2 protein chains.
Amino acid sequence: MERSNHLLDDQFQMFETACRRAGLRLTHQRLEVYRELARAEDHPSAETLHQRLRRSIPTLSLDTVYRTLATLACHRLINKVDTVESQARFEATQHQHHHLICSKCKQITDFEWHSIDALPLPAQANEWGQVESKNVVVYGLCAHCQ
Amino acid sequence: MERSNHLLDDQFQMFETACRRAGLRLTHQRLEVYRELARAEDHPSAETLHQRLRRSIPTLSLDTVYRTLATLACHRLINKVDTVESQARFEATQHQHHHLICSKCKQITDFEWHSIDALPLPAQANEWGQVESKNVVVYGLCAHCQ
DNA sequence: CAAGTAAATAAAAATCATTTCTATTTAAGC
DNA sequence: GCTTAAATAGAAATGATTTTTATTTACTTG
Ligand SMILES: [Mn+2]
Ligand SMILES: [Mn+2]
Ligand SMILES: [Zn+2]
Ligand SMILES: [Zn+2]
């Protein structure tokens, strides 16, 4: 289930290019925050990411993690995930997918649903405005929490 | 587009019954918080609701609004809406629907999509655990913000 | 490959959203 | 009406995130 290093390297190359295009400097911290998020499969919060990164960059400050995540989300290089939780959660992947969220343990799991992706929105939605994204959020109890 | 007073009255009767069943006291504040939320069509935050309610109940405290919303959400009498925003937003309606969220003005609009409601989730989701809810969140720019 | 410069960082303080604490009030059962 | 546990108001505390400021650093230009 884990993405290959090769694919991650590709993603990382694209990230550096995208930063340059966006006029964002390639700082050590920024690269490492992105790399850690890209490696993660659990939609970590800023705090979680900070804890993980401290092992390799002990001086990294939490506000830098927050600032970096905000900057990257603003440039659409990462996504802030919709949840009902107090801590915001993030992901680096750009592939179209949806979320299963456990009401109990708050774990967020990706899933694919191509028939939805292909289905056009109802007329009401198109009249509303210009659609940018369309995602399904499923709540429930994961197998582990039942 | 506004719900009739008759329907609101019905909803309100059901709310009182549900509170009794849940062992929740029918306090003036609780009834008014619910009534104000049921009347609202804009998925207000706790703060917004508090501002509106202060007109009629000047002594109502903000923490009571927060506490009440948390209690009612816990008993499934209202919903906390999934968003990427910092302030939590709420709705009283229980009918199955989905959300259009404007990335700019953050306005949340309801829409219906019956073909999705009827469509079974992919196998991957059913293996994940016990599903409780399934909602679509659409981001984009509303007509007004374009 | 040195400056020069604007952007980014670390650390601390501030702010915003929400929760907790405590004394007081009140709904509901008797 | 009286009792009692639940709910409220107001204040203080907490948790998450943002802002401020002085310092450092990536990238430009000569
Ligand atoms: Mn995801
Ligand atoms: Mn709604
Ligand atoms: Zn779980
Ligand atoms: Zn808008």
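Note that this is a predicted model, so its numbers are computed, not measured. Side chains are part of it too, since the values below use all heavy atoms of this structure and drop only hydrogens, waters and symmetry mates.
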- Task: Measure the distance from NE2 on B:His75 to P on D:dA6 and round it to the nearest whole Å.
- Result: 12 Å
- Query: Is there side-chain contact between A:Cys102 and A:Tyr139, with at least one heavy-atom pair below 4.5 Å?
  - Reply: no
- Message: Between B:Thr27 and B:Glu32, is there a side-chain heavy-atom distance shorter than 4.5 Å?
- Response: no
- Query: Is the closest side-chain donor-acceptor distance between B:His98 and B:Asp117 under 3.5 Å?
  - Reply: yes
- Message: Show every side chain to side chain donor-acceptor pair (under 3.5 Å) that has at least one partner inside residues 52-63 of chain A, sequence neighbours left out.
- Response: A:Asp42-A:Arg52, A:Ser61-A:Asp63, A:Ser61-A:Thr64
- Could you verify whether a donor N or O on one side chain and an acceptor N or O on the other, from A:Glu112 and A:His97, lie under 3.5 Å apart? no
- A:Arg89 CZ to D:dT17 P: how many Å, rounded? 12 Å
- Message: Are more than 12 heavy atoms, taken from residues, nucleotides or ligands other than A:Glu16, located less than 6.0 Å from that residue's CD atom?
- Response: yes
- Query: Any side-chain N or O of B:Thr64 under 4.0 Å from OP1/OP2 of D:dT8?
  - Reply: no
- Counting any heavy atom closer than 4.0 Å, what does A:Thr59 reach on the DNA or RNA strands: base, sugar-phosphate only, or nothing? sugar-phosphate
- Query: Can you check side-chain contact (heavy atoms from CB on, under 4.5 Å) on A:Trp128 and B:His144, steps first, answer last?
  - Reply: CA-CA 9 Å; A:Trp128 166 78; B:His144 189 261; over 6 Å; no
- Message: At under 4.0 Å between heavy atoms, how does the protein contact nucleotides 14-25 of chain C? Give one character per nucleotide, 5' to 3', with B, S or -.
- Response: ---SBBB-----
- Task: Starting from P on C:dA10, measure out to CZ on A:Arg54 and report it in whole angstrom.
- Result: 10 Å
- Close side-chain approach of B:His75 and B:Leu24, heavy atoms under 4.5 Å: yes
- Whole-Å gap separating P (C:dT26) and CD1 (B:Ile57): 13 Å
- Message: Between C1' on D:dA16 and CD on B:Glu85, what's the gap in Å once rounded to a whole number?
- Response: 16 Å
- Task: In whole angstrom, give the distance that lies between atom OH of B:Tyr34 and atom P of D:dA7.
- Result: 18 Å
- Query: How long is the line joining CZ of B:Arg30 and C1' of D:dA5, in whole Å?
  - Reply: 13 Å
- Message: Using a 4.0 Å heavy-atom cut-off to protein, can you give one letter per nucleotide of nucleotides 24-30 of chain D, 5' to 3': B if the base is in contact, S if only the sugar-phosphate is, - if neither?
- Response: -BBS---
- Heavy-atom donor-acceptor pair, B:Gln94 side chain to B:Leu77 backbone, under 3.5 Å: yes
- Nucleotide D:dT18, atom P - distance to NE2 of A:His50 in whole Å: 15 Å
